[in-house]
Amino acid sequence: MVIFKKIISPNYFLIKKFCFGLILVMTKYNHKKIEKKWREKWEKDKIYQPDLSLPAGRQGKDKKPLDKTRGKPFYNLMMFPYPSAEGLHIGNMYAFVHSDCYGRFKRLQGFDVFEPIGLDGFGIHSENYAIKIGEHIKKVSARTEKNFYKQLHMIGNQYDWSRTVETYKPDYYKWTQWLFLKMYEKGLAYRKEASVNWCGCCKTVLSDEQVISGKCERCETETEKKLMEQWFWKITDYAEKLLANLKVIDWSEEVKIGQKNWIGKSEGVLITFNLKPACRTGRSQNSNLKNIEVFTTRPDTLPGCTFLVLSPEHELAGLACRQAGKNLTAINPFNNKEIPIFTDEYVLYDYGTGAIMGVPAYDERDRVFAEKNNLQILEVGPEENKIGKKAVKYKLRDWCISRQRYWGPPIPMVYCEKCASTGSAQAGWVLVPEKDLPVLLPEMEDFLPDGSGKGPLNKIREFVNTKCPKCGGPAKRETDVSDPFVDSCWYYLRYLDAHNDKKPFDKLRVKKWLPVDMYIGGKEHTVLHLLYSRFVSMVLYELGLVPSEEPFEKFRAHGLLIRDGAKISKSKGNIISPDDYIEKFGADTVRMYLMFLGDMRQGGDWRDEGIIGVYRFLNRIYKLQSKVSNLKFQISPELEKLIHQTIKKVTEDLENLKFNTAISQLMILANEMEKEKELLKIDYCKLIILLAPFAPHLAEELWEQLGNKESACSEPVESVFKQKWPKYDPAKIKEDSFELIVQINGKFRGSISASKNLGQSEAEKMVLADEKLAKYLSGQKIKKVIFVKDKLINFVA
RNA sequence: GCCGCGGUGGCGGAAUGGUAUACGCGCACGACUUAAAAUCGUGUCCUGCACAAGGAUGUGGGUUCGAGUCCCACCCGCGGCACCA
């Protein structure tokens, strides 16, 4: 019996599987075959490569002339992924398909669309992942690159695959280092001491995101702050411009607010407090300071100032009181009263002047401090005064680009003692000249930090010991690598000239394509990537290398994709790999479901149950083809109107990135078309073009199949993406009748079909003539009638 | 604590101050089928026998002829920032 079961059961399942498969073939379109066919065709015909020739009239003799058949350049950019694990997850896809759908829409509208892709592979995420799985980062990167690109092919986006960039390849980071050169030459790169997070157990520097509530992410040891010399870029010089330009760029409002708050401009006053004369002659000999300057936005509260507080790093901090005492005192310039000076950590060294005036009556934190130290709280009213001078301060800090890690571009600087002593180089630091770039990231087996506090590159003597480019003497290389945000702040430029080893990007070419017309990405990048990119673009603009200060004309943030109401994360075990769904339902279904499940700006909730709806929809569209007739006949006016309404709605929704409602409108049209016995080919063609940005593979296939039949479509049979986006006829949408909403006391009681431009008295008569509606009014004393033309009538009793 | 975004059926989600719940999922019933799956059709916010009448957009107020939408206060969820004087 047991043996019998063993024999029969696999066969039984095989038979079942076969039958099921057969039915699938009969009732479903073959997405695997269709999608593979079109992916290959798109790539073979290089159909998505834009015209990157130089602007007309300015190209050299041997450059090919501008192809006039292509449209206006449209740079459609999406945030390139960082391959931190083996493969892309559905959250990455979420952003990419929306962006691609928009790009395809623009292509159909006749633009010459440039839509590139690449990998942001340098950085701590990738490095940590490699360390975690115990494999060398280079090996891991090679593997993830292959897999990421495979997945990105599968989703069917219209990428220009001839211009991919990977930030961790020498031909890319050579130019990241070049950017450092430019910054340094312009006086925007400098070195200073700054604190880093240090884990004493792992003996390594940690990034802020690796410190979870004061503890090391990996070993849970309490982290400490360690002062180290680091490289900075002077983004603060551009604070005002970064702020001011927010008014002219078309970006998601929330992101602009985020940047504004991050820049944190506040206008106030610098007030000088003289130290008490006795103090100066005494213990403050080692400081030249005769006074303390504070920054305040409330100079009118000066009368209530009863003490000063210095940050612990302040020059005079050592002399001030740690507890109530009178080591050092100052004079309040408003009332000449002597007030104590304290030191406390609640005052930040790098904001304002590193010193504040304590006004416990008006400031919550000052009051807490005063109460703790039993200080006087003076309840006096604010009073306008002219003490101090106006000043503007920003929260924005300079950008620390140093990373004491391995997986990044080495900062192209050399330290030369000889040049330092002769004063021929600023503090001994010498730039690696452009001709010697790239400074290659050396191969190393063990790229874990060595515990010295310096980066892992410090372990390689051959790398560190070098010749000074200036004097030729012995010198030492910088062993820090740069922040991955440096890689990503300029990648959109490199796409345009991805394989040029003579220069980072072509000036004329960027002139043709920049600024980026549409940039879609996550709002988690509100303040870092998006601010750094703007800053660097401003610098390049001043150098005359790019055509505009702002890199991204239009930016739209998308929301977070969650699953079953929860954030998608490994620990929750709810990670979705797009591959399985693409295998089962096809890329078109996955694309469309991602766009259908919610508003892009708000994010969405992926439910496995929901994807079937979109799958059914695409199959219905496929089957509709059998209703297409080659005969000419008059379609119903209702359907004709719906077609025009759909064109209008889908066009407007796509322009406003409302993909979800655009799809629902397509569903409405398809549902109506299904009810027809026959469809005009020209109408079905319109539906296919409208569908194309969402489900490109299926649209191409249907377009081709239509072309094999006779006539009707005026356009030649070719890629559907070479067709024109349909236009709607406003006259066909115009209604001559409408449903008059009837309200009694604001409550909906019914509606009457009426012709447009109906007058109020006419409308009242119609309501009274309606038995059902009139009964609501009988016995009521009507005080007032609100009449909104072509919309509603409201009787107020 | 501050800033931003949100809270609508069983679920994902629609709604220029004017018919709340489009579209989709699920569910129920029906058609096709020996049967199931697939597909198609009908119905589906709640209370009610009702095509009678009410009640529902986080809570409480307000403005308005009329509020999911505008204003005020509060509660909850998500994301970001942490003493920025």
Side-chain angles (χ1 to χ4, degrees), chain A residues 16 19-20 22-24 26-28 252-258 260-262 264-266 268-269 294-298 301 309 311 344-348 350-359 362-366 368-369 393-397 522-528 557 559-560 562 564-567 593 596-599 601-617 619-620 623 658 660-668 670-671 674-675 739-751 772 783-788 791-797:
Chain A
K16 207 175 167 186
C19 291
F20 186 68
L22 200 70
I23 289 156
L24 258 183
M26 280 158 57
T27 55
K28 307 285 181 196
S252 298
E253 205 52 39
E254 54 200 304
V255 173
K256 290 211 265 186
I257 291 168
K260 188 180 168 227
N261 292 344
W262 186 262
K265 179 178 183 174
S266 53
V269 168
V294 304
F295 175 70
T296 180
T297 51
R298 291 292 307 274
T301 64
V309 189
S311 72
D344 198 274
E345 283 175 357
Y346 89 90
V347 179
L348 302 174
D350 48 6
Y351 182 77
T353 61
I356 60 143
M357 62 181 208
V359 188
Y362 287 95
D363 187 285
E364 181 61 30
R365 293 154 306 177
D366 292 348
V368 170
F369 185 77
K393 298 285 175 195
Y394 301 90
K395 287 186 199 173
L396 186 69
R397 309 289 156 82
K523 40 187 156 216
E524 66 274 22
H525 292 112
T526 294
V527 287
L528 300 178
L560 192 71
I562 58 173
D564 299 327
K567 197 176 166 178
Y593 181 52
F596 180 63
L597 52 70
D599 182 342
R601 287 160 298 186
Q602 297 303 330
D605 190 353
W606 174 287
R607 308 256 162 174
D608 281 0
E609 313 89 80
I611 194 169
I612 193 76
V614 172
Y615 186 58
R616 284 179 191 149
F617 166 71
N619 275 293
R620 283 209 300 275
K623 278 194 274 179
K658 292 168 81 175
N660 53 337
T661 49
I663 292 171
S664 77
Q665 183 65 33
L666 288 173
M667 287 172 167
I668 291 168
N671 290 347
E674 254 189 333
K675 291 176 191 163
E739 285 293 305
L740 177 74
I741 296 161
V742 181
Q743 294 183 344
I744 319 288
N745 288 327
K747 194 163 190 65
F748 172 75
R749 289 299 179 183
S751 63
K772 205 183 136 206
K783 282 190 217 140
K784 198 167 147 190
V785 178
I786 308 282
F787 181 71
V788 183
K791 191 158 253 171
L792 70 84
I793 188 161
N794 183 14
F795 297 87
V796 185

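Remember, predicted model here, so these are calculated numbers, not experimental data. Every chain is numbered from 1, with letters handed out A, B, ... down the list of sequences.
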Any protein N or O atoms within reach of nucleotides 23-29 of chain B? Criterion: under 3.5 Å, listing atom names and distances.
unit_1 : atom_1 : unit_2   : atom_2 : d
B:G24  : OP1    : A:Asn671 : ND2    : 3.1
B:C25  : OP1    : A:Arg616 : NH1    : 2.6
B:C25  : O2'    : A:Glu609 : O      : 3.4
B:G26  : OP2    : A:Arg616 : NH1    : 3.3

Short heteroatom pairs, N/O only, protein and nucleotides 48-55 of chain B, under 3.5 Å:
unit_1 : atom_1 : unit_2   : atom_2 : d
B:A53  : OP1    : A:Tyr776 : OH     : 3.1
B:G54  : OP1    : A:Arg749 : NH2    : 3.1

Below 3.5 Å is the cut-off: list the nitrogen or oxygen pairs between protein and nucleotides 6-10 of chain B, distance only.
unit_1 : atom_1 : unit_2   : atom_2 : d
B:G6   : OP1    : A:Gln602 : NE2    : 3.2

Report, one pair per line, the protein and nucleotides 2-4 of chain B atoms (nitrogen or oxygen only) whose separation is under 3.5 Å.
unit_1 : atom_1 : unit_2   : atom_2 : d
B:C3   : O2'    : A:Asn261 : ND2    : 2.9

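A:Tyr351 has a side-chain polar atom (N or O) that falls below the 4.0 Å cut-off from OP1 or OP2 of B:A85.
With hydrogens and angles ignored, no donor-acceptor pair closer than 3.5 Å exists between the side chain of A:Glu364 and the base of B:G1.
B:C76 sits 16 Å from B:G58 when the P atoms are compared, rounded to a whole Å. Taking atom C1' in both B:C78 and B:A73, the straight-line distance is 22 Å, to the nearest Å. Nucleotides B:C72 and B:A22 place their C1' atoms 32 Å apart, quoted to the nearest Å. The same atom, P, is picked in B:G60 and in B:C65; the two are 23 Å apart, to the nearest Å. Between B:C46 and B:G41, the two P atoms lie 23 Å apart (nearest whole Å). For the P atom pair drawn from B:G9 and B:U59, the interatomic distance equals 10 Å after rounding to whole Å. A distance of about 14 Å separates the P atoms of B:A37 and B:A31, rounded to the whole Å. Rounded to the nearest Å, the gap between the P atom of B:G13 and that of B:G7 is 10 Å.
Comparing B:G66, B:C83, B:G12 against the side chain of A:Asp605 picks out B:G12 as the nearest. Of the listed nucleotides (B:C65, B:A38, B:C81), B:A38 has the atom at the smallest distance from the side chain of A:Lys28. Taking the side chain of A:Lys623 as heavy atoms from C-beta on, and the options B:U39, B:C83, B:G13, the nearest nucleotide is B:U39. Out of B:U39, B:G18, B:A15, the shortest distance to the side chain of A:Thr661 is found at B:A15. Between B:G79, B:A14, B:G66, one nucleotide has an atom nearer to the side chain of A:Asn660 than all others, and that is B:A14. Between B:A15, B:U19, B:A85, one nucleotide has an atom nearer to the side chain of A:Lys658 than all others, and that is B:A15.
If you check every strand for non-hydrogen atoms under 4.0 Å, A:Val742 touches nothing. Using a 4.0 Å heavy-atom cutoff across all strands shown, A:Lys783 reaches no nucleic acid atom at all. Residue contacts for A:Lys395: at a heavy-atom cut-off of 4.0 Å it reaches a base atom on one of the strands shown.
Look at B:G48: its glycosidic torsion is within 90° of 0, and that puts it in the syn range. In this structure B:G13 sits in the anti conformation; its chi angle is more than 90° from 0.
Nearer to the 5' terminus of RNA chain B, by closest-nucleotide assignment, is the contact made by A:Tyr593 (compared with the other of A:Gly746 and A:Tyr593).
The side-chain contact (heavy atoms from CB on, under 4.5 Å) with A:Thr301 is formed by just one residue from the set A:Asp366, A:Val359, A:Asp363; it is A:Val359.
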Practice task
Run the numbers on A:Lys675 and A:Asn671 for side-chain contact (heavy atoms from CB on, under 4.5 Å), then give the verdict.
Solution key: CA-CA 7 Å; A:Lys675 291 176 191 163; A:Asn671 290 347; 5.6 Å; no
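Note that CG of A:Leu396 is 12.5 Å distant from CG of A:Asn261, once rounded to the nearest 0.5 Å.
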Practice task
Could you provide the dot-bracket string of RNA chain B, using ( ) for intrastrand pairs, [ ] for crossing pairs and | for bases paired to another strand, with Watson-Crick or G-U pairs below 3.5 Å?
Solution key: (((((((..(((.....[....)))((((((.......))))))(((.....)))..(((((..]....))))))))))))....
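The ring pair (Phe, Tyr, Trp, His ring centres under 6.0 Å) search around A:Tyr346 returns A:Phe369, not counting sequence neighbours.
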